[in-house]
Amino acid sequence: MPGVGMRCIIAPSILACDLRVLGDSVRAAEFAGADWHHVDVMDGHFVPNLTFGPDIVKAVRRASTLPVDAHLMITDPARFAEIFIRAGANIITFHIEVAPKPRALLRKIRRLGARPGLVVKPGTPVSAVFPFLDEVDLVLVMSVEPGWTGQKFMPKALRKIRELRAKAGPALDIEVDGGVNEETLVACSQAGANVIVAGAAVYRSGSLRGAIRRIRATLKKNYLCDPCEG
Ligand code: DX5
Ligand code: ZN
C-alpha cells in the first residue's frame, strides 16, 4: 500500500515550459494546482545539456509562492548547493554518482534551511543511496537518462522505486522523474513513488489545469495517494 498515508506532490518541470514567459508559466502552473516547481540544473559536464543557473531559480521564486525543487545535474554539487539555496531553492537534490561525501553535503543543505535529497541515474543501483537514508528527505529515481524533456519512460525505474519504498518505509518522499505521463504514473505510484515530476505531460499538454487535474484524479482513482489535495 505504497500511497496510503503519504502526501502526493505534482512537480511540473520548467524544462518543458515556454521560457519566453517563464514567470507567467510557473504562475499558471501554481494556479492550475501544481505543488512544487521542478528546476533542472544541467552543467554540460555531468549531462550533455546546459540549462538553468541560480538566477532562474530567483526568477521562479519571485513569480510563485510554491516550493522550488532544484535537481542538480552537475559534477560539483558541493560547490553550488548553497548558491541555489540562497537563490530560493527549498529542495535540493544531487546525484549520488558525483558526490564523494554525500553525508556532509546533505547535512549542509539541511543546515542552510533546505530539504536534502539524492538522485540515482537509470544505470545506478538504488542501493547506492541506502547508507544515507537517515540524512535525506527525498530520493529521486530517474526514469530517463538525464538531459532532456520529452523522453520515453524506462520501466526499469519501477523495480528501483519498489525496492526503495520497501527499504525506506512510508515516510520518505520518493520522486520519479522522466517520461512520466498519465499512463506511466499509475505504475510509478503503485511502485511507491509519491512525488511526480512531469515536464511535457503538463507544460506541453495544451491545458495545465486539465493535465494536473487528470494526473491527480488518476492518482486518487487508484487510491494510491491519500491524502491527496485538490
Ligand atoms: C531530465 C529532467 C527531467 C525532465 C522531465 O533530465 O531531469 O526533469 O525535465 O521532463 P519529462 O517529464 O518531459 O520527461
Ligand atoms: Zn529533473
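Every number for a ligand or one of its atoms is a count from 1 in the order of the listing.
- Residues satisfying the ring-ring contact (aromatic ring centres under 6.0 Å, His included) criterion with Phe52, sequence neighbours excluded, are absent altogether.
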Side chain to side chain donor-acceptor pair (under 3.5 Å) between Thr218 and Glu182, intermediate numbers included: CA-CA 7 Å; Thr218 305; Glu182 287 165 46; 5.2 Å; no

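- Tally of protein N, O or S atoms closer to the Zn ion (ligand 2) than 2.8 Å: 4.
- For the residue pair Ser127 and Glu163, no side-chain donor N or O sits within less than 3.5 Å of a side-chain acceptor on the partner.
- Taking 4.0 Å as the cut-off between side-chain N and carboxylate O, Arg103 and Asp134 count as a salt-bridged pair.
- Residues Val197 and Val176 fail the side-chain proximity criterion, which asks for heavy atoms closer than 4.5 Å.
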Working for side chain to side chain donor-acceptor pair (under 3.5 Å), residues Ser25 and Asp18: CA-CA 7 Å; Ser25 297; Asp18 184 347; over 6 Å; no

Filter the ligand 1-protein atom pairs down to N or O on both sides and distance under 3.5 Å, then list them.
| unit_1 | atom_1 | unit_2 | atom_2 | d |
| --- | --- | --- | --- | --- |
| ligand 1 | 6 (O) | Gly147 | N | 2.7 |
| ligand 1 | 7 (O) | Asp40 | OD1 | 2.9 |
| ligand 1 | 7 (O) | His71 | ND1 | 3.3 |
| ligand 1 | 7 (O) | Asp177 | OD2 | 2.9 |
| ligand 1 | 8 (O) | His38 | NE2 | 3.3 |
| ligand 1 | 8 (O) | Asp40 | OD1 | 3.1 |
| ligand 1 | 8 (O) | Asp40 | OD2 | 2.7 |
| ligand 1 | 8 (O) | Asp177 | OD1 | 2.6 |
| ligand 1 | 8 (O) | Asp177 | OD2 | 3.0 |
| ligand 1 | 9 (O) | Ser13 | OG | 3.0 |
| ligand 1 | 9 (O) | Asp40 | OD2 | 3.0 |
| ligand 1 | 10 (O) | Thr149 | OG1 | 3.3 |
| ligand 1 | 12 (O) | Gly199 | N | 2.7 |
| ligand 1 | 13 (O) | Thr149 | OG1 | 2.6 |
| ligand 1 | 13 (O) | Gly150 | N | 2.9 |
| ligand 1 | 13 (O) | Ala200 | N | 2.9 |
| ligand 1 | 14 (O) | Gly179 | N | 2.8 |

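- Between the side chains of Asn194 and Arg165, at least one donor N or O lies within less than 3.5 Å of an accepting N or O.
- Residues Leu185 and Leu219 are in side-chain contact: their nearest non-hydrogen atoms beyond the backbone lie under 4.5 Å apart.
- Counting only residues at least two apart or in different chains, ring pair (Phe, Tyr, Trp, His ring centres under 6.0 Å) contacts with residues 89-115 comprise Phe46-His95, His71-His95.
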